[in-house]
Amino acid sequence: MKPIRKAVLPVAGLGTRFLPATKAVPKEMLTVVDRPVVQHVVDEAREAGIEHFIFVTGRGKAVIEDHFDIAYELDRTLQERNKLAAYEELKKDLPKAGQTSFTRQQAPLGLGHAVWCAREIVGDEPFAVLLPDMLSRGCMGQMLAAYERHGGNVIAVEEVKPEETHQYGIVSVGETFGQTFEITGMVEKPKQGTAPSNFIISGRYILQPEIFAILEKGETGAGGEIQLTDAMIKLMGEQDFYGMRYEGRTYDTGSKIGFLTANLAYGLERPDLAGPLKAEIERLLGKA
(Lines give C-alpha, C1' and ligand atoms only; values in the text may rest on other atoms or scores of the structure.)
Protein backbone atom coordinates (compact mmCIF):
# COMPACT_ATOMS: atom_id res chain seq x y z
CA MET A 1 0.00 0.00 0.00
CA LYS A 2 1.61 3.24 -1.15
CA PRO A 3 1.77 6.14 1.33
CA ILE A 4 -0.10 9.41 0.76
CA ARG A 5 2.53 12.04 0.00
CA LYS A 6 0.71 14.50 -2.27
CA ALA A 7 -2.36 16.67 -1.83
CA VAL A 8 -4.38 18.44 -4.52
CA LEU A 9 -5.98 21.77 -3.61
CA PRO A 10 -8.45 23.07 -6.24
CA VAL A 11 -8.18 26.87 -5.90
CA ALA A 12 -9.48 28.04 -9.29
CA GLY A 13 -13.02 28.84 -8.12
CA LEU A 14 -14.44 32.31 -8.73
CA GLY A 15 -15.81 32.85 -5.23
CA THR A 16 -19.09 34.30 -6.48
CA ARG A 17 -20.73 33.83 -3.07
CA PHE A 18 -18.37 36.49 -1.70
CA LEU A 19 -18.60 39.17 -4.35
CA PRO A 20 -17.59 41.99 -4.39
CA ALA A 21 -14.83 40.99 -1.92
CA THR A 22 -13.53 38.34 -4.31
CA LYS A 23 -13.55 40.50 -7.44
CA ALA A 24 -9.81 41.15 -7.07
CA VAL A 25 -8.87 38.99 -4.05
CA PRO A 26 -9.06 35.18 -4.37
CA LYS A 27 -11.55 33.69 -1.92
CA GLU A 28 -8.79 31.37 -0.67
CA MET A 29 -6.83 34.43 0.51
CA LEU A 30 -9.60 35.80 2.71
CA THR A 31 -8.38 35.59 6.28
CA VAL A 32 -9.65 33.60 9.23
CA VAL A 33 -8.21 35.73 12.05
CA ASP A 34 -4.74 36.51 10.64
CA ARG A 35 -4.11 33.59 8.27
CA PRO A 36 -5.52 33.06 4.77
CA VAL A 37 -8.03 30.25 4.50
CA VAL A 38 -5.72 28.33 2.16
CA GLN A 39 -2.89 28.56 4.71
CA HIS A 40 -5.11 26.92 7.33
CA VAL A 41 -5.81 24.07 4.90
CA VAL A 42 -2.12 23.61 4.08
CA ASP A 43 -1.36 23.61 7.82
CA GLU A 44 -3.83 20.75 8.29
CA ALA A 45 -2.27 18.68 5.50
CA ARG A 46 1.29 19.36 6.59
CA GLU A 47 0.57 18.38 10.19
CA ALA A 48 -0.82 15.08 8.89
CA GLY A 49 2.43 14.36 7.02
CA ILE A 50 1.65 15.51 3.46
CA GLU A 51 4.88 16.41 1.67
CA HIS A 52 3.83 17.94 -1.65
CA PHE A 53 1.06 20.48 -2.26
CA ILE A 54 -0.43 20.74 -5.75
CA PHE A 55 -2.51 23.87 -6.35
CA VAL A 56 -4.89 23.84 -9.31
CA THR A 57 -5.22 27.56 -10.03
CA GLY A 58 -6.94 29.83 -12.52
CA ARG A 59 -6.64 33.38 -13.81
CA GLY A 60 -6.28 35.98 -11.08
CA LYS A 61 -4.88 33.51 -8.55
CA ALA A 62 -1.17 34.37 -8.80
CA VAL A 63 -1.25 35.88 -5.31
CA ILE A 64 -1.67 32.34 -3.91
CA GLU A 65 1.62 31.34 -5.49
CA ASP A 66 3.23 34.50 -4.11
CA HIS A 67 1.92 33.70 -0.63
CA PHE A 68 3.83 30.40 -0.63
CA ASP A 69 7.06 32.02 -1.84
CA ILE A 70 9.77 34.11 -0.23
CA ALA A 71 9.07 37.86 -0.03
CA TYR A 72 12.60 39.28 0.00
CA GLU A 73 11.68 42.92 0.63
CA LEU A 74 9.29 42.05 3.45
CA ASP A 75 11.78 39.68 5.10
CA ARG A 76 14.54 42.27 4.97
CA THR A 77 12.30 45.03 6.32
CA LEU A 78 11.16 42.88 9.24
CA GLN A 79 14.76 42.06 10.14
CA GLU A 80 15.93 45.67 9.84
CA ARG A 81 13.08 46.81 12.10
CA ASN A 82 13.84 44.03 14.57
CA LYS A 83 10.41 42.46 14.14
CA LEU A 84 11.94 39.03 14.45
CA ALA A 85 8.87 37.24 15.79
CA ALA A 86 6.92 38.12 12.62
CA TYR A 87 9.91 37.17 10.47
CA GLU A 88 10.24 33.75 12.14
CA GLU A 89 6.50 33.16 11.77
CA LEU A 90 6.75 33.72 8.02
CA LYS A 91 9.74 31.37 7.78
CA LYS A 92 7.89 28.66 9.69
CA ASP A 93 4.93 28.77 7.27
CA LEU A 94 7.06 28.69 4.11
CA PRO A 95 7.10 25.30 2.32
CA LYS A 96 10.50 23.91 1.49
CA ALA A 97 11.85 24.15 -2.04
CA GLY A 98 10.07 21.72 -4.36
CA GLN A 99 7.13 21.08 -2.00
CA THR A 100 4.63 23.15 -4.01
CA SER A 101 3.45 22.81 -7.60
CA PHE A 102 1.00 24.97 -9.52
CA THR A 103 -1.02 24.00 -12.57
CA ARG A 104 -3.82 25.81 -14.42
CA GLN A 105 -7.46 24.93 -14.90
CA GLN A 106 -8.15 27.12 -17.91
CA ALA A 107 -11.96 26.87 -17.72
CA PRO A 108 -14.38 26.28 -14.81
CA LEU A 109 -15.45 22.78 -15.82
CA GLY A 110 -16.06 21.32 -12.37
CA LEU A 111 -14.26 19.78 -9.42
CA GLY A 112 -13.59 16.55 -11.30
CA HIS A 113 -11.90 18.50 -14.07
CA ALA A 114 -9.81 20.44 -11.55
CA VAL A 115 -8.57 17.20 -9.98
CA TRP A 116 -7.82 15.78 -13.45
CA CYS A 117 -5.65 18.84 -14.20
CA ALA A 118 -3.23 17.62 -11.50
CA ARG A 119 -2.76 14.15 -13.03
CA GLU A 120 0.77 14.63 -14.39
CA ILE A 121 2.06 15.98 -11.08
CA VAL A 122 0.33 13.33 -8.96
CA GLY A 123 1.52 10.47 -11.15
CA ASP A 124 0.72 6.83 -10.41
CA GLU A 125 0.17 7.03 -6.67
CA PRO A 126 -2.73 7.61 -4.27
CA PHE A 127 -3.29 11.22 -3.27
CA ALA A 128 -5.39 13.49 -1.08
CA VAL A 129 -7.83 16.18 -2.18
CA LEU A 130 -8.61 19.06 0.18
CA LEU A 131 -11.29 21.58 -0.74
CA PRO A 132 -9.88 24.96 0.35
CA ASP A 133 -13.28 26.35 1.36
CA MET A 134 -13.60 23.79 4.13
CA LEU A 135 -11.69 24.20 7.38
CA SER A 136 -11.50 20.84 9.17
CA ARG A 137 -8.55 20.87 11.55
CA GLY A 138 -7.16 17.42 12.19
CA CYS A 139 -9.35 15.81 9.54
CA MET A 140 -6.53 14.79 7.21
CA GLY A 141 -4.70 13.12 10.08
CA GLN A 142 -7.81 11.06 10.82
CA MET A 143 -8.14 10.30 7.09
CA LEU A 144 -4.61 8.97 6.84
CA ALA A 145 -5.16 6.76 9.89
CA ALA A 146 -8.28 5.33 8.20
CA TYR A 147 -6.34 4.77 4.98
CA GLU A 148 -3.64 2.86 6.87
CA ARG A 149 -6.33 0.56 8.26
CA HIS A 150 -8.33 -0.03 5.08
CA GLY A 151 -6.41 1.17 2.01
CA GLY A 152 -8.61 1.86 -1.00
CA ASN A 153 -10.37 5.22 -1.22
CA VAL A 154 -11.43 7.21 1.84
CA ILE A 155 -13.96 10.06 2.07
CA ALA A 156 -14.48 12.27 5.12
CA VAL A 157 -18.15 12.46 6.11
CA GLU A 158 -20.21 14.35 8.66
CA GLU A 159 -23.79 14.06 9.83
CA VAL A 160 -26.38 16.72 9.04
CA LYS A 161 -30.06 17.03 9.81
CA PRO A 162 -32.18 14.84 7.49
CA GLU A 163 -33.96 17.93 6.12
CA GLU A 164 -30.59 19.32 4.92
CA THR A 165 -29.40 16.29 2.91
CA HIS A 166 -30.67 17.69 -0.41
CA GLN A 167 -27.91 20.31 -0.28
CA TYR A 168 -24.98 17.85 -0.30
CA GLY A 169 -23.41 14.74 -1.74
CA ILE A 170 -24.63 11.80 0.37
CA VAL A 171 -23.13 8.34 0.92
CA SER A 172 -24.82 5.01 1.64
CA VAL A 173 -23.59 3.17 4.74
CA GLY A 174 -22.49 -0.47 4.62
CA GLU A 175 -20.49 -2.49 7.15
CA THR A 176 -19.24 -0.33 10.03
CA PHE A 177 -15.75 -0.45 11.59
CA GLY A 178 -15.86 2.02 14.49
CA GLN A 179 -15.06 5.47 13.11
CA THR A 180 -15.18 4.19 9.52
CA PHE A 181 -17.66 2.30 7.37
CA GLU A 182 -17.94 0.80 3.92
CA ILE A 183 -19.53 3.12 1.36
CA THR A 184 -22.01 1.22 -0.80
CA GLY A 185 -23.29 4.12 -2.88
CA MET A 186 -23.25 7.88 -3.43
CA VAL A 187 -25.75 10.41 -4.69
CA GLU A 188 -25.30 14.11 -5.41
CA LYS A 189 -27.94 16.38 -3.84
CA PRO A 190 -30.82 13.88 -3.60
CA LYS A 191 -34.40 15.10 -3.53
CA GLN A 192 -35.74 15.72 -0.05
CA GLY A 193 -36.83 12.50 1.62
CA THR A 194 -34.84 10.23 -0.71
CA ALA A 195 -31.33 10.39 0.80
CA PRO A 196 -29.84 6.97 1.72
CA SER A 197 -28.33 8.43 4.93
CA ASN A 198 -27.57 11.77 6.53
CA PHE A 199 -23.79 11.46 6.03
CA ILE A 200 -22.50 14.19 3.73
CA ILE A 201 -19.24 14.29 1.78
CA SER A 202 -17.37 17.05 3.61
CA GLY A 203 -14.45 18.12 1.44
CA ARG A 204 -11.60 15.72 2.21
CA TYR A 205 -10.73 12.71 0.03
CA ILE A 206 -8.03 10.07 -0.40
CA LEU A 207 -8.22 8.66 -3.93
CA GLN A 208 -6.40 6.07 -5.97
CA PRO A 209 -4.82 7.22 -9.27
CA GLU A 210 -7.25 5.13 -11.35
CA ILE A 211 -9.73 8.00 -10.86
CA PHE A 212 -7.83 9.93 -13.54
CA ALA A 213 -8.69 7.44 -16.29
CA ILE A 214 -12.38 7.97 -15.51
CA LEU A 215 -12.07 11.76 -15.38
CA GLU A 216 -10.11 11.65 -18.65
CA LYS A 217 -13.33 10.81 -20.51
CA GLY A 218 -14.72 14.24 -19.68
CA GLU A 219 -18.25 13.03 -19.03
CA THR A 220 -20.40 15.80 -17.61
CA GLY A 221 -23.02 15.59 -14.90
CA ALA A 222 -24.90 18.11 -12.76
CA GLY A 223 -24.60 21.67 -14.02
CA GLY A 224 -22.89 20.48 -17.19
CA GLU A 225 -19.65 20.04 -15.23
CA ILE A 226 -17.26 17.12 -14.78
CA GLN A 227 -18.23 15.96 -11.31
CA LEU A 228 -15.80 14.19 -8.98
CA THR A 229 -18.71 12.36 -7.33
CA ASP A 230 -19.72 10.81 -10.67
CA ALA A 231 -16.18 9.54 -11.21
CA MET A 232 -16.04 8.09 -7.69
CA ILE A 233 -19.33 6.25 -8.27
CA LYS A 234 -17.82 4.59 -11.33
CA LEU A 235 -14.59 3.74 -9.49
CA MET A 236 -16.68 2.06 -6.76
CA GLY A 237 -17.36 -0.73 -9.24
CA GLU A 238 -13.67 -1.60 -9.17
CA GLN A 239 -12.32 -0.47 -5.79
CA ASP A 240 -13.36 -0.18 -2.16
CA PHE A 241 -14.56 3.13 -0.69
CA TYR A 242 -14.72 3.93 3.01
CA GLY A 243 -16.38 6.74 4.89
CA MET A 244 -14.48 8.29 7.79
CA ARG A 245 -16.60 10.09 10.39
CA TYR A 246 -14.70 13.28 11.07
CA GLU A 247 -14.39 13.91 14.80
CA GLY A 248 -14.51 17.68 14.79
CA ARG A 249 -16.36 20.55 13.16
CA THR A 250 -16.02 21.74 9.59
CA TYR A 251 -16.45 25.42 8.75
CA ASP A 252 -17.58 26.19 5.21
CA THR A 253 -15.73 29.46 4.64
CA GLY A 254 -17.27 29.70 1.17
CA SER A 255 -20.52 30.76 2.85
CA LYS A 256 -20.85 34.03 4.73
CA ILE A 257 -22.15 32.41 7.93
CA GLY A 258 -19.46 29.71 7.82
CA PHE A 259 -16.75 32.31 7.26
CA LEU A 260 -17.93 34.52 10.13
CA THR A 261 -18.35 31.51 12.43
CA ALA A 262 -14.84 30.28 11.63
CA ASN A 263 -13.39 33.67 12.52
CA LEU A 264 -15.22 33.67 15.84
CA ALA A 265 -14.29 30.06 16.65
CA TYR A 266 -10.62 30.46 15.76
CA GLY A 267 -10.43 33.84 17.50
CA LEU A 268 -11.92 32.47 20.72
CA GLU A 269 -9.23 29.78 20.77
CA ARG A 270 -6.42 32.34 20.70
CA PRO A 271 -5.16 33.24 24.20
CA ASP A 272 -4.28 36.76 23.02
CA LEU A 273 -7.73 37.37 21.53
CA ALA A 274 -10.25 35.25 23.43
CA GLY A 275 -10.92 37.64 26.32
CA PRO A 276 -11.32 40.87 24.32
CA LEU A 277 -13.26 39.09 21.55
CA LYS A 278 -15.71 37.53 24.00
CA ALA A 279 -16.23 40.94 25.61
CA GLU A 280 -16.99 42.49 22.21
CA ILE A 281 -19.45 39.70 21.36
CA GLU A 282 -21.27 40.21 24.66
CA ARG A 283 -21.35 43.95 24.05
CA LEU A 284 -22.86 43.45 20.59
CA LEU A 285 -25.48 41.10 22.07
CA GLY A 286 -26.33 43.62 24.75
CA LYS A 287 -25.01 41.48 27.58
CA ALA A 288 -22.32 43.86 28.75
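Keep in mind it's a predicted model, so treat the numbers as computed, not measured.
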For L273 and G267 the tightest heavy-atom approach is CB-O, 3.7 Å
Main-chain N/O of I54 paired with S101 side-chain donor or acceptor, under 3.5 Å: no
Donor-acceptor under 3.5 Å (R245 side chain, E158 main chain): no
Without hydrogens or angle criteria, can the side chains of N153 and Q239 be said to hold a donor-acceptor pair below 3.5 Å? yes
Heavy-atom distance under 4.5 Å between the side chains of K6 and I50, does that happen here? no
Any chance you could measure E120, atom CD, to F212, atom CZ, to the nearest 0.5 Å? 9.0 Å
Output side-chain donor-acceptor pairs under 3.5 Å for residues 162-174, partner residues at least two apart or in another chain, one line each.
unit_1 : atom_1 : unit_2 : atom_2 : d
T165   : OG1    : P162   : O      : 2.9
H166   : ND1    : E163   : O      : 3.2
H166   : ND1    : Q192   : NE2    : 3.2

Option passing salt bridge (Lys or Arg N to Asp or Glu O under 4.0 Å) with E51 (candidates R5, R46, K96): R5
So which heavy atom on A48 is nearest to which on L144, and how close? O-CD1, 3.2 Å
Would you mind reporting whether I155 and I183 have side-chain heavy atoms less than 4.5 Å apart? yes
Does some side-chain heavy atom of E125 sit less than 4.5 Å from a side-chain heavy atom of P209? no
At what distance, to the nearest 0.5 angstrom, does CE of M244 lie from CZ of R149? 9.0 Å
Within the distance-only criterion (no hydrogens, no angle test), does the side chain of E65 pair as donor or acceptor with the backbone N or O of A62 below 3.5 angstrom? no
So, K92 side chain and Y87 main chain: donor-acceptor pair closer than 3.5 Å or not? no
Ring pair (Phe, Tyr, Trp, His ring centres under 6.0 Å) partners of residues 174-197, not counting sequence neighbours, each pair once: H150-F177, F181-F199
State, yes or no, whether a side-chain contact exists between V56 and V11 at a heavy-atom distance under 4.5 Å. no
Distance-minimising heavy-atom pair for K2 and D124: NZ-O, 2.8 Å
Could I get the full list of salt bridge (Lys or Arg N to Asp or Glu O under 4.0 Å) partners for R137, not counting sequence neighbours? E269
With a 3.5 Å cut-off and no angle check, do the side chains of T57 and Q105 form a donor-acceptor pair? no
For K161, is there any backbone N or O sitting under 3.5 Å from a side-chain donor or acceptor partner on N198? no
Test side-chain contact (heavy atoms from CB on, under 4.5 Å) on T194 and V187 and set out the steps. CA-CA 10 Å; T194 66; V187 59; over 6 Å; no
Looking at every heavy atom in both Y251 and G258, which two are closest together, and how far apart are they? CB-O, 4.1 Å
When hydrophobic residues are tied together by side-chain contacts of less than 4.5 Å, even through go-betweens, does L14 share a cluster with L111? no
Stepwise, does the salt bridge (Lys or Arg N to Asp or Glu O under 4.0 Å) test hold for E89 with R35? CA-CA 11 Å; E89 188 70 19; R35 299 171 75 76; 3.7 Å; yes
Quick one: CD on Q208 to CG on D240, what's the gap to the nearest 0.5 Å? 10.0 Å
Value rounded to 0.5 Å, distance of CD1 in I200 from OG1 in T250: 7.5 Å
Do Q179 and Q142 get their side chains close enough for a donor-acceptor pair, meaning under 3.5 Å? yes
Run through T22, T253, T16, D133 and flag the one making a side-chain hydrogen bond (donor to acceptor under 3.5 Å, both in side chains) with K27. D133
Note: S202 and V157 closest approach over all heavy atoms is OG-N, 3.8 Å
Would you call E280 and L285 a side-chain contact if the rule is heavy atoms closer than 4.5 Å? no
Run R104 and R59 through side-chain contact (heavy atoms from CB on, under 4.5 Å) and show every step you take. CA-CA 8 Å; R104 280 288 187 106; R59 287 179 293 279; 3.4 Å; yes
Show me, pair by pair, the donor-acceptor contacts under 3.5 angstrom made by side chains of residues 221-232, not counting sequence neighbours?
unit_1 : atom_1 : unit_2 : atom_2 : d
Q227   : NE2    : A222   : O      : 2.8
T229   : OG1    : E188   : OE1    : 3.0

For side-chain contact (heavy atoms from CB on, under 4.5 Å), just list the numbers for R249 and T261, CA-CA rounded to whole Å, side-chain angles, deciding distance to a tenth of an Å, and then say yes or no. CA-CA 11 Å; R249 179 172 178 181; T261 304; 3.8 Å; yes
Could you check if a side-chain atom of V42 sits within less than 4.5 angstrom of a side-chain atom of F55, using non-hydrogen atoms only? yes
L131 CG to I201 CD1 distance, which is reported to the nearest 0.5 Å: 10.0 Å
Step-by-step side-chain contact (heavy atoms from CB on, under 4.5 Å) determination, V37 to T31: CA-CA 6 Å; V37 171; T31 58; over 6 Å; no
Worked check of side-chain hydrogen bond (donor to acceptor under 3.5 Å, both in side chains) between Q79 and D75: CA-CA 6 Å; Q79 292 177 77; D75 287 352; 5.8 Å; no
Would you check, one step at a time, whether the test salt bridge (Lys or Arg N to Asp or Glu O under 4.0 Å) holds for E28 with K61? CA-CA 9 Å; E28 297 84 8; K61 300 291 183 126; 2.8 Å; yes
Would you please test E80 and R76 for salt bridge (Lys or Arg N to Asp or Glu O under 4.0 Å) and show each step? CA-CA 6 Å; E80 289 176 347; R76 182 171 180 177; 3.0 Å; yes
Rounded distance (nearest 0.5 Å) linking atom OH of Y246 with atom OG of S136: 5.0 Å
Indicate, with yes or no, if V122 and V115 share a hydrophobic cluster defined by side-chain heavy-atom contacts under 4.5 Å among Ile, Leu, Val, Met, Phe, Trp and Tyr. yes
Between K256 and F18, is NZ or CZ placed under 6.0 angstrom from the six-membered ring centre and within 45° of the ring axis? yes
So, using ring pair (Phe, Tyr, Trp, His ring centres under 6.0 Å) as the criterion, who are the partners of F241 when residues are at least two apart? none
Closest non-hydrogen atoms of M29 and V25, given as atom of the first, atom of the second and distance, are CB-CG1, 4.2 Å
So V8 and L130, do their side chains get closer than 4.5 Å, heavy atoms only? no
Applying a strict under-4.5 Å side-chain criterion to I, L, V, M, F, W and Y, I'd like to know whether I206 and L9 cluster together. yes
For this output row, return yes or no: ring centroids of Y242 and Y147 closer than 6.0 angstrom. no
Are I233 and L207 connected in the hydrophobic side-chain network, where two residues link if heavy atoms are under 4.5 Å apart? yes
Determine whether more than 12 heavy atoms belonging to other residues, nucleotides or ligands lie under 6.0 Å from atom NZ of K278. no
Could you tell me whether the side chain of P3 reaches within less than 4.5 Å of the side chain of E148, counting heavy atoms only? no
What do you reckon, are the aromatic ring centroids of F127 and H52 less than 6.0 Å apart? no
Using the rule that two of Ile, Leu, Val, Met, Phe, Trp, Tyr join whenever any of their side-chain heavy atoms come within less than 4.5 Å, decide whether I70 and F102 are in one cluster. no
Who are the side-chain contact (heavy atoms from CB on, under 4.5 Å) partners of E216, not counting sequence neighbours? W116, R119
